Number of protein chains: 2
Amino acid sequence: MASIKDVAAEAGVSVATVSRVLNSHPSVSEEARTRVLAAVEALGYRPNAVARSLRTAQTRTLGLVISDVLNPYFTELARFVEEEARALGYSVIIGNADERPELQDHHIRTLIDRRIDGLLVSPADGGSPLMRDVALGGTPMVFVDRWIPGIDVPVVRADGTGAVKDLVAHLHGLGHRRLAIIAGPAATTTGNERVEAFREAMRGLGLALPDAYIGQGDFQAASGRRATERFLALAEPPEVVFAADNLMALGALDAIRARGLRVPDDIALAAFDDIPWFVHTDPPITAIAQPTADLARAAVRALADLIEGRTPQSVTLPARLVVRRSSGGAATNQRSDR
Amino acid sequence: MASIKDVAAEAGVSVATVSRVLNSHPSVSEEARTRVLAAVEALGYRPNAVARSLRTAQTRTLGLVISDVLNPYFTELARFVEEEARALGYSVIIGNADERPELQDHHIRTLIDRRIDGLLVSPADGGSPLMRDVALGGTPMVFVDRWIPGIDVPVVRADGTGAVKDLVAHLHGLGHRRLAIIAGPAATTTGNERVEAFREAMRGLGLALPDAYIGQGDFQAASGRRATERFLALAEPPEVVFAADNLMALGALDAIRARGLRVPDDIALAAFDDIPWFVHTDPPITAIAQPTADLARAAVRALADLIEGRTPQSVTLPARLVVRRSSGGAATNQRSDR
DNA sequence: CTGAAAGCGCTTACAG
DNA sequence: CTGAAAGCGCTTACAG
């Protein structure tokens with residue numbers, strides 16, 4: 001592959017001049033510029049980003065570590081993150097932690113070794129020593145969706161409190177009193193907050209949330225299945241199951257169906273995180289939708305601010321309730337846009 | 001961040017010795033090794049991958065360009081690609097083309113500028129001049145799923161011919177004679193091959209495939225919707241719609257529902273590419289499943305072979321039919337594993 | 001076994 | 001406006 005030296009030789013100038021032309025430095029004569037550009041064209045020259053990065057100490061690359069690529073919520077987040085990053089002149093490298101803390105650490109380490117300019121993380125756990133070191137070590141970092149208390153970096157996330165309240169009120173209005181929740185891992189903030197918001201909303205309506213109605217999940221389908229089986233085996237099973245993410249809702253649906261029960265007639269179902277497929281499930285699933293695109297954009301902008309020396313903003317955006325048939329509510333007429 | 005010089009100073013050796021220890025070069029004294037390792041530990045030193053890449057002219061990085069991350073088929077492919085690559089000591093950078101050729105070129109260019117060691121591509125189109133240049137220019141490259149005739153690189157893909165034949169026989173057995181297909185973009189191989197396999201299978205059973213029963217799609221849901229609306233407006237609408245990918249099947253389902261028709265009673269539906277959600281749609285969707293994990297692994301291995309100077313293998317694996325309710329077949333008892 | 005030195009491909013003060 | 005030179009952080013023949 002042609003190097004800057006080859007271009008300089010071809011154009012009859014020094015490599016410094018070539019570099020200046022390539023970086024649009026103002027003080028280059030029109031003639032030199034033309035000759036360089038012609039040489040670049042003739043040789044099909046492309047600057048070596050590795051060399052440039054070594055020299056400038058910046059890679060124009062962002063790392064994005066998410067907990068599970070197979071979860072459509074994160075896939076969508078990643079897609080919008082890349083889009084916004086591209087608009088700001090950055091590439092992004094995605095690391096998929098698969099909800100495994102050690103894999104998360106592996107990706108963080110790899111990304112740091114590659115000297116990415118900044119890190120966007122949706123932590124799979126309560127925060128490894130490594131993540132703490134990275135944050136303290138001065139690598140620009142922003143949490144998105146999930147965050148870790150005690151690590152002082154900007155957080156961009158959705159607040160589901162209002163939407164959960166709406167959901168509980170909706171279910172209460174339909175006459176339901178026994179509501180159960182499948183929680184996410186206690187080590188994640190989204191795991192806890194959703195349970196708290198739920199408990200709070202229940203309390204507001206004078207409803208109890210017994211421990212037996214709190215299932216422990218890990219954001220994966222299988223755990224939703226297990227938790228739901230346990231609910232259904234109870235002497236007094238719940239009338240509603242609320243899953244703290246979409247995959248666990250799918251597991252819940254499996255378990256309910258395996259028991260030969262119908263949704264919502266025998267038991268109602270709702271989920272945190274709305275995804276296009278929920279319109280097409282049997283029945284369509286009531287969900288709490290996050291403003292994913294806006295979150296992604298805000299997170300990238302906060303990270304770019306941090307990298308480029310501006311003051312970053314933590315952002316919290318409200319989630320909203322989308323009622324569909326699974327909760328026994330009116331079917332909405334929604335269509336998938338994809 | 002500490003550099004190799006700092007480590008050398010701390011350990012009281014030269015940078016050459018530090019480098020040798022880090023790269024497990026045999027000729028280093030036990031004592032030097034111990035001192036270097038201690039210094040590395042003390043300083044929390046991590047080698048700068050950018051500098052190493054510049055010097056060694058290899059990045060231990062693979063580029064993966066897929067046509068649409070939001071399509072669960074590609075998400076899954078990407079996941080397994082990363083897994084296998086990691087096992088072989090490579091990182092992967094994903095570029096999402098969003099089915100847009102110019103975005104695909106953008107990602108290819110960026111990846112080449114970063115001097116990735118090899119490129120895995122599932123082309124969104126018939127092949128840009130850039131892609132041709134890259135292949136010719138000596139960058140190790142492998143096509144996965146989709147490929148481009150005339151670009152001579154290994155291809156790893158699924159062969160759906162048998163499964164499509166099974167599908168058509170299944171539908172024929174249920175008494176259906178008027179089968180329609182929603183094709184993918186003519187510029188993609190998977191777009192064409194699936195139509196050809198379908199036509200072939202129909203011919204084998206003495207069935208005609210009139211042009212009106214071939215809808216033109218682009219692998220996105222909206223195009224599946226449009227094509228299906230057109231089918232349904234026909235004087236003699238088809239009894240079955242077969243979508244050449246999962247997203248178009250979703251669009252078809254939308255269109256059918258919007259007309260107030262039921263699947264499979266009023267019209268049957270099947271799709272190429274099986275995804276976990278198809279178990280949960282209303283009704284569950286009959287699909288042709290690709291061995292995604294195996295394809296991903298074979299593709300990465302072929303690329304690694306190419307990079308490391310071994311002889312790569314093109315691989316074709318059979319897809320298989322999974323019958324569910326949407327085709328009017330027996331419901332299978334399948335569960336989502338996630 | 002070890003170190004001094006060259007060099008990967010760039011960018012950027014510095015001097016002119 | 002331009003070029004020679006230093007240097008980013010590594011690796012690796014070469015000499016000892």
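Computed from a prediction, not measured in an experiment: that's the story for all the values here. Each chain gets a letter, A, B and so on, in the order the sequences are listed, and its residues count up from 1.
Under the Watson-Crick or G-U wobble criterion, with both distances below 3.5 Å, C:dA13 has no partner in any strand shown. For D:dA4, there is no paired nucleotide, since no Watson-Crick or G-U wobble pair has both relevant distances below 3.5 Å.
Salt-bridge check for B:Asp113 with A:Arg52: failed, with every basic side-chain N at 4.0 Å or more from each acidic carboxylate O. Of the charged side-chain nitrogens involved, at least one lies within less than 4.0 Å of a carboxylate oxygen, so that A:Arg146 and A:Glu99 count as a salt-bridged pair. Between A:Asp98 and B:Arg79, at least one side-chain nitrogen of the basic residue sits less than 4.0 Å from a carboxylate oxygen of the acidic one, meeting the salt-bridge criterion. Between A:Arg157 and A:Asp145 there is no salt bridge, since none of the side-chain N atoms of the basic residue sits less than 4.0 Å from a carboxylate O of the acidic one.
Where A:Pro26 and A:Arg115 meet DNA chain D, the nucleotide closest to each residue was compared, and A:Pro26 sits on the side nearer the 5' end. Between A:Ala51 and B:Ser14, the residue anchored nearer the 5' end of DNA chain C, judged by the nucleotide with its closest heavy atom, is B:Ser14.
For the pair B:Asp6 CG and D:dC10 C1', the computed distance is 13 Å after rounding to whole Å. Between the CD1 atom of B:Ile4 and the C1' atom of C:dC8 there is a distance of 15 Å, rounded to whole Å. The separation between A:Leu54 atom CG and D:dC10 atom C1' is 8 Å, rounded to whole Å. Atom P of nucleotide C:dC10 and atom CZ of A:Arg46 are separated by 11 Å, given to the nearest angstrom. At whole-Å resolution of the value, CE in A:Met1 and C1' in C:dC8 are 14 Å apart. In this structure, B:Arg55 atom CZ and D:dA13 atom P are separated by 8 Å, rounded to whole Å. Distance CG (A:Leu22) to P (C:dT11): 7 Å, rounded to an integer number of Å. Atom pair B:Asp113:CG and C:dG9:C1' shows a separation of 13 Å (rounding to whole Å applied).
Counting only heavy atoms from C-beta on, A:Ala16 has its side chain closest to C:dT12 among C:dA4, C:dT12, D:dT11. For A:Tyr45, counting side-chain heavy atoms from C-beta on, the closest listed nucleotide (D:dC1, C:dC10, D:dA13) is C:dC10. Considering only side-chain atoms of B:Thr17, the nucleotide from C:dT2, D:dT11, D:dC8 that sits closest is C:dT2. Counting only heavy atoms from C-beta on, A:Thr56 has its side chain closest to C:dT12 among D:dG3, C:dT12, D:dT11.
An OP1 or OP2 oxygen of D:dT2 is reached within less than 4.0 angstrom by a side-chain nitrogen or oxygen of A:Ser29. The side chain of A:Asn23 places an N or O atom within less than 4.0 Å of a non-bridging phosphate oxygen (OP1 or OP2) of C:dT11.
Residue contacts shown for B:Ser19 include a base, since a base heavy atom lies under 4.0 Å away. Across all strands shown, A:Ser3 has heavy atoms under 4.0 Å from sugar-phosphate atoms exclusively, and none from any base. When heavy atoms are screened at a 4.0 angstrom cut-off, B:Ala57 is found touching no nucleic acid atom at all.
Put simply, OG on A:Ser67 and CZ on A:Arg100 are 13.0 Å apart, with the number rounded to the nearest 0.5 Å.
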Trace of the side-chain contact (heavy atoms from CB on, under 4.5 Å) decision for B:Phe80 with B:Asp294: CA-CA 8 Å; B:Phe80 287 117; B:Asp294 291 335; over 6 Å; no
